[in-house]
Amino acid sequence: MTTVTVPSLDADPFAAEVLRDPLPLQAALRDAGPVVHLSRYGVYALARYEQVHAALTDWQSFQSGAGVGLANFRYEEPWRPPSLLLEADPPRHDAPRAVLAGILGPRALRRLRDAWFADAEELVDRVLAQRSFDAVTALAQAFPLRVFPDAVGLPKEGRENLLPYGDHAFNAFGPHNDLVAKGAPRVGELSGWVNAQCARERLSPGGFGARIWEAADRGDITHEQAPLVVRSLLTAGVDTTVHGLGAVLYAFATHPDQWDRLRADPGLARVAFDEAVRWESPVQTFFRTATGDTEIGGTVVPDGRKILMFLGAANRDPRRWAEPGAFDLGRDPSAHVGFGMGLHQCVGQHVARLEAEAVLTALAARVERIELDGPPVRHLNNTLRAWESMPVRVASA
Ligand code: Z7Z
């Protein structure tokens with residue numbers, strides 16, 4: 001093996017202007033090489049599809065157990081007890097993962113489908129009483145907040161804590177910048193609420209949460225693990241789907257030809273959602289940690305160093321995708337890494353797709369045209385590519 005000198009960049013992937021528009025840095029990183037040293041943080045960056053995919057599917061070399069944020073749990077105290085799924089490696093990872101995979105799998109979701117489609121129709125009918133509205137609050141937030149907490153079995157009180165808690169958790173994967181500082185004053189209160197909802201008594205029978213506790217009764221996980229597995233649902237299940245819906249609504253509001261295509265064939269709703277996840281990549285980045293001196297593209301990443309994977313950059317890598325910047329329902333986006341890849345690939349992706357399919361199907365049946373009715377405003381987060389508001393105007397079918 002010939003070792004090449006690794007290119008080094010001083011860029012800050014978590015700076016406000018980069019979060020507002022990450023595409024130029026994505027391109028610069030991809031073009032700089034298969035692996036790039038980010039001098040500001042002393043981490044290594046992967047932005048090409050090939051290397052991001054390879055790292056995601058090699059958990060032996062690229063561990064999650066030292067955290068998937070900038071903080072290295074070998075040396076630093078995590079801000080909350082580590083997730084049993086996200087921040088764990090096999091074998092400890094596997095039992096909690098298997099439990100959630102069963103509860104959130106396609107078979108288990110079938111019984112939610114009709115109710116969620118009916119909920120989406122009702123919500124969309126109500127929203128369409130106005131010709132212009134904010135697609136973020138009225139749809140992208142409203143739908144997940146309507147169906148997901150009920151599916152988990154949460155009480156009604158306190159649900160307004162879910163988005164701020166998730167927002168902070170996803171900020172906390174980045175450096176201690178102003179976004180983290182802004183969330184810090186409420187961390188105690190929000191964590192207290194979230195942790196309290198993980199108790200068996202809070203979770204209504206038949207929901208995802210109750211089923212996690214039943215898995216503990218069967219011995220699939222321990223009773224000590226159950227609340228932390230419930231916490232994973234509450235952390236990763238709301239903001240992610242909100243911003244995924246925001247992404248697909250933005251894509252359609254700016255691509256009327258693709259909206260016509262969906263209306264002509266509503267069966268494309270799932271492809272459309274995955275294409276939007278590829279195109280916008282609501283989860284932009286997260287880290288792994290090298291478990292030993294590890295070669296990537298001719299460079300050795302030393303043991304214990306953090307590796308930042310740019311999912312959004314991989315999802316727009318021209319080495320992998322034809323016309324990566326085009327939102328195109330005609331392509332097969334299924335190999336995107338927007339849900340990750342490998343052993344940790346999003347366990348809730350079937351839930352997300354069902355939510356999106358319900359909303360898009362209801363909209364496609366009722367809305368002839370959806371377009372921006374003013375400039376949409378970004379919501380900045382260290383991990384998520386998100387919208388704060390998106391004024392839209394619709395023409396009913
Ligand atoms: O288990 C968890 O609490 C959890 C939190 C965040 C699981 C997954 C995520 C996550 C999802 C992190 C997407 C990065 C990207």
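Every ring pair (Phe, Tyr, Trp, His ring centres under 6.0 Å) that F339 has, sequence neighbours left out, goes to H336.
Among all heavy-atom pairs drawn from D31 and R48, the shortest one is O-NH2, 4.0 Å. In plain terms, the two heavy atoms of V229 and P96 that are nearest each other are CG2-CB, 4.0 Å. Across all non-hydrogen atoms, the minimal contact from A358 to A120 is O-CB, 3.4 Å. Here the closest non-hydrogen pair linking A272 and V248 is O-CG2, 3.8 Å. A45 and F310 get closest at one heavy-atom pair: CB-CE1, 3.7 Å. Taking each heavy atom of P391 and P376 in turn, the nearest pair found is CD-CA, 4.0 Å.
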Evaluate side chain to side chain contact (heavy atoms under 4.5 Å, CB included) for Q197 paired with L234, printing each intermediate quantity in order.
CA-CA 9 Å; Q197 311 316 308; L234 304 185; 4.0 Å; yes
Would you check, one step at a time, whether the test salt bridge (Lys or Arg N to Asp or Glu O under 4.0 Å) holds for E17 with R20?
CA-CA 5 Å; E17 61 274 18; R20 203 166 281 119; 5.9 Å; no
Derivation of the salt bridge (Lys or Arg N to Asp or Glu O under 4.0 Å) call for K156 and D150
CA-CA 8 Å; K156 298 277 182 214; D150 282 346; 3.2 Å; yes
Determine, stepwise, if the pair R261 / E275 fulfils salt bridge (Lys or Arg N to Asp or Glu O under 4.0 Å).
CA-CA 14 Å; R261 210 161 168 176; E275 172 64 350; over 6 Å; no
Step-by-step side chain to side chain contact (heavy atoms under 4.5 Å, CB included) determination, N315 to V337:
CA-CA 6 Å; N315 282 338; V337 291; 3.4 Å; yes
R126 vs L123, side chain to side chain contact (heavy atoms under 4.5 Å, CB included): CA-CA, chis, key distance, verdict:
CA-CA 5 Å; R126 187 147 44 79; L123 175 68; 3.9 Å; yes
Under the side chain to side chain contact (heavy atoms under 4.5 Å, CB included) criterion, do E87 and S64 qualify, and how do the steps go?
CA-CA 5 Å; E87 294 154 327; S64 292; 5.8 Å; no
What verdict does the side-chain hydrogen bond (donor to acceptor under 3.5 Å, both in side chains) test give for S396 and R131, after you've listed the backbone C-alpha separation in whole Å, the side-chain angles of each residue and the deciding distance to 0.1 Å?
CA-CA 8 Å; S396 292; R131 283 180 47 84; over 6 Å; no
Evaluate D239 against Y165 for side-chain hydrogen bond (donor to acceptor under 3.5 Å, both in side chains), listing each step before the verdict.
CA-CA 9 Å; D239 297 67; Y165 180 79; over 6 Å; no
Please assess R353 against D274 for the test salt bridge (Lys or Arg N to Asp or Glu O under 4.0 Å), listing each intermediate value before the final yes or no.
CA-CA 8 Å; R353 288 202 188 93; D274 273 275; 2.5 Å; yes
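The residues R211 and D217 are annotated as not salt-bridged, no charged nitrogen and carboxylate oxygen being separated by less than 4.0 angstrom. Note on R159 versus E157: no salt bridge recorded, every NZ/NE/NH1/NH2 to OD/OE distance being 4.0 Å or above.
Considering only heavy atoms from C-beta on, V99 comes within 4.5 Å of I103 through its side chain. Side-chain contact between Q51 and V35: absent, with no pair of heavy atoms (C-beta onward) separated by less than 4.5 Å. Within the 4.5 Å cutoff, the side chain of R231 has heavy atoms near those of the N195 side chain.
Between F252 and F327, the distance separating the two ring centers is shorter than 6.0 angstrom. Between W279 and H255, the gap from one ring centroid to the other is short of 6.0 Å.
Under a hydrophobic-cluster definition in which Ile, Leu, Val, Met, Phe, Trp and Tyr are linked whenever side-chain heavy atoms come within less than 4.5 Å, directly or via other members, F173 and L85 are assigned to different clusters. In this structure, Y44 is not a member of the same hydrophobic cluster as L29, with clusters built from ILVMFWY side-chain heavy atoms closer than 4.5 Å. Note: the hydrophobic cluster containing L249 does not contain L384 (ILVMFWY, side chain heavy atoms under 4.5 Å, direct or indirect links). Following chains of ILVMFWY side-chain contacts shorter than 4.5 Å, one cannot reach V301 starting from L9, and the two form parts of different hydrophobic clusters. Put simply, L46 and L25 are part of two different groups of oily side chains (I, L, V, M, F, W, Y) that touch within less than 4.5 Å, one to the next.
Using a distance-only test at 3.5 Å, with no hydrogens or angles considered, no donor-acceptor pair links the side chain of D303 to the main chain of D293. With hydrogens and angles ignored, the 3.5 Å screen pairs a side-chain donor or acceptor of R40 with a backbone N or O of D10. For Q345 (side chain) and G340 (main-chain N/O), a donor-acceptor pair under 3.5 Å exists by modelled atom type. Distance alone, capped at 3.5 Å, is enough to place a donor-acceptor pair between the R331 side chain and the A322 backbone. In terms of modelled atom types and a separation under 3.5 Å, the side chain of W213 and the main chain of V230 share no donor-acceptor contact. A donor-acceptor pair is defined here as one N or O able to donate and one able to accept, closer than 3.5 Å; such a pair exists between the side chain of S281 and the backbone of R278. A donor-acceptor pair is defined here as one N or O able to donate and one able to accept, closer than 3.5 Å; such a pair exists between the side chain of K306 and the backbone of A66. Using a distance-only test at 3.5 Å, with no hydrogens or angles considered, no donor-acceptor pair links the side chain of D373 to the main chain of R393. Checked by atom type and distance alone, the side chain of T57 pairs as donor or acceptor with a backbone atom of H53 at under 3.5 Å. Of the possible polar contacts, none joining the D58 side chain to the A54 backbone as a donor-acceptor pair under 3.5 Å is found.
Classification of the W387-Y250 ring pair by plane angle, with boundaries at 30° and 60°, yields tilted.
Within 6.0 Å of CZ on R319 lie more than 12 heavy atoms contributed by other residues, nucleotides or ligands. Around the CD atom of E160, the shell of radius 6.0 Å holds more than 12 heavy atoms that belong to other residues, nucleotides or ligands. Within a 6.0 Å radius of NE2 in H350, more than 12 heavy atoms belonging to other residues, nucleotides or ligands are found. Counting non-hydrogen atoms of neighbouring residues, nucleotides and ligands closer than 6.0 angstrom, the CZ atom of R92 reaches no more than 12 such neighbours. Within a 6.0 Å sphere centred on CD of E50, other residues, nucleotides and ligands contribute 12 heavy atoms or fewer.
If you take CG on N381 and CZ on F14, they are separated by 10.0 Å, rounding to the nearest 0.5 Å. Atom CG of L84 is separated from atom CG of L228 by 4.5 Å, given to the nearest 0.5 angstrom. For the atom pair E122 CD and F117 CZ, the distance stands at 15.0 Å (nearest 0.5 Å). Here the CG-CG distance, from L38 to L308, works out to 6.5 Å after rounding to the nearest 0.5 Å. Distance check: R111 CZ to W116 CH2 gives 10.0 Å after rounding to the nearest 0.5 Å. The structure places CD of E355 at 6.5 Å from CG of L245, a figure rounded to the nearest 0.5 Å.
Cation-pi geometry between R320 and Y49 is met: the NZ or CZ atom falls under 6.0 Å from the ring centre, inside 45° of the normal.
Side-chain contact of D167 with H379: a donor-acceptor pair under 3.5 Å is present, judged by distance alone.
The only option from L154, L162, T241, V238 that meets the side chain to side chain contact (heavy atoms under 4.5 Å, CB included) definition with F148 turns out to be V238.
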